[in-house]
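Just so it is clear, the model here is predicted, and its values are computed rather than measured. When a residue number appears, it is its place in the shown sequence, counting from 1.
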Amino acid sequence: MHSCVLGAGVIGVTTAYELLMAGHEVSLIEEQAQVAQMTSLGNGAQLSYSYVSPLADASIWRKWPEYLFSQHSPLRLKPQLDPALWQWLWQFLMACNHQRANISSRQLLSLAQLSQIQIEQIRSQHGFDFQHQTSGKLVMLSDQASIDAAEAQIAFQAQYGCQQSILGIAQCMELEPALAHAQDRWLAGVYTPAEEVGDCASFCQHLLSVMAQSPRFQFFSNTRVESAHLVGGKISHINIRQTEAATNSTTTRHTADHFVVAMGIESAHFASMLGFRLPVYPLKGYSITVPIHDTNSASAPHISITDLSQKIVYARLGDRLRVAGRVELVGHDLRIEPKAITELIKATHTLFPESGNLNDAQQLSPWAGLRPATPTGVPIVGRSPIANVYLNVGHGALGWTLACGSASLLRSVICGETPAIDMTGFAFR
């Protein structure tokens, strides 16, 4: 059985790995020169298996005026003549209610917990280093409304085995002394001891090295999918072209028994080529990566930090601090906006002024990525309307967290196995 996986971000790489381990012949096709070069490259690095909350929740209605009109808003909407934006935004707002948010949270938690099991199995089997740590996480809360919402979320998630607690500021400072410079900013913090971090791009590169040892695996880098041809309700073949030397390259046919769409935000375009619509839209985010001056000091956090009001996360990756944030609905614009990077630098300087050299932005590896999101925040994993095409798309900001679990579920579907969790909520509709 030959499975062709389209897209080599963390979703595509883990899917290819699962299918290869299941005995399939696997081809992995990627437009970039290497795996994990787009959205998976500079993400927030947090593996949030317990404190999972969809962006679409009831608090959006209370915060919407601030998000739209405040110059310091972590969310930005760029109005444009794009029907896909307005259709997605309408569905997103309709999902911003307690009932739908609770359903989404349950589905995301079950998938996240499966993903935690799967990534641990990969770590145990292969033992490669991707700066993985079980460091715990503090979600810092700046107002009473956030504390009340966190208490409700903790009570809800406790039903599903999540162990979390709300700590006072003194307890937060004791756990993470690096927060001392900005302790007046917050009232409390949610502590989740079992949360993890890891370098997503490094993980993907190591997993590719594992797969490359198999004669049943082929990686097509610098390769664009030009078209797909349907016969009898199935893809008979796709046409691919090498992009590295476009003037000399030729289009070639590529056949497989199954095709997996894991192309991030480009998945929507590929689906339209096949005649159906994917409700996926890009949420743009930014990051910087700060080299830490003194890894033994309290200048940079050892515990992962989420500043909830600013929607900025801080994750320690060995001698680096990954800082990521913002949610922008600006279409497919991948430009790195200086203002966004400046805001991340300013926020880092406020919290951790002695963590590293923050004066030279270019030394901080500024990055922007388009996170493919569904309106509810729940990814689409499983069959598509095309008989031999499968979907693994729409993970939003939780792609790194959910990747290994999603890949395991899709392997179960393709191989006719019983899935580890209920897949009803992840089906294409």
With a 4.5 Å cut-off on side-chain heavy atoms, are [Y] and [X] touching?
{"X": "C415", "Y": "H24", "value": "yes"}
{"X": "V330", "Y": "R335", "value": "no"}
{"X": "W88", "Y": "L283", "value": "yes"}
{"X": "Q205", "Y": "V35", "value": "yes"}
{"X": "R216", "Y": "L20", "value": "yes"}
{"X": "I414", "Y": "V260", "value": "yes"}
{"X": "R185", "Y": "Q310", "value": "yes"}
{"X": "L175", "Y": "Q171", "value": "no"}

| query | Yes or no on salt bridge (Lys or Arg N to Asp or Glu O under 4.0 Å) for R224 and E31, after CA distance, side-chain angles and deciding distance? | reply | CA-CA 5 Å; R224 178 186 296 120; E31 190 168 352; 3.2 Å; yes
Quick check: closest heavy atoms across [X] and [Y], and the distance to 0.1 Å?
{"X": "S384", "Y": "F276", "value": "CB-CZ, 3.9 Å"}
{"X": "Y160", "Y": "R106", "value": "OH-CD, 2.5 Å"}
{"X": "V261", "Y": "V389", "value": "CG2-CG1, 3.7 Å"}
{"X": "I421", "Y": "L409", "value": "CG1-CD2, 3.7 Å"}
{"X": "L402", "Y": "H395", "value": "CB-CD2, 3.8 Å"}
{"X": "S236", "Y": "T255", "value": "O-CG2, 3.7 Å"}

Under 3.5 Å, is there a donor on one side chain and an acceptor on the other for [X] and [Y]?
{"X": "R383", "Y": "Y390", "value": "yes"}
{"X": "S209", "Y": "Q213", "value": "no"}
{"X": "H302", "Y": "S135", "value": "no"}
{"X": "H229", "Y": "N239", "value": "yes"}

| When you check the gap from the basic side-chain N to the acidic O, do E343 and K346 get nearer than 4.0 Å? |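 Looking at K346 together with E343, the answer is no, because their closest N to O distance does not fall below 4.0 Å.
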| said: Looking at R326 and E328, is any side-chain nitrogen of the basic one under 4.0 Å from a carboxylate oxygen of the acidic one? | reply: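 Here E328 pairs with R326 in a salt bridge, since their nearest N and O are under 4.0 Å apart.
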| Donor-acceptor under 3.5 Å (H206 side chain, D129 main chain) |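 Confirmed, H206 side chain pairs with D129 backbone.
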| said: For A324, is there any backbone N or O sitting under 3.5 Å from a side-chain donor or acceptor partner on W367? | reply: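 Not at all, since once roles are kept as given, no pair shorter than 3.5 Å links the two residues.
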| Going through the distances and angles, do F203 and C404 end up as a side chain to side chain contact (heavy atoms under 4.5 Å, CB included)? | CA-CA 11 Å; F203 175 82; C404 292; 4.0 Å; yes
| task | Could you tell me the separation between the CG atom of N43 and the CZ atom of R371, rounded to the nearest 0.5 Å? | result |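 N43 CG to R371 CZ: 9.5 Å, rounded to 0.5 Å.
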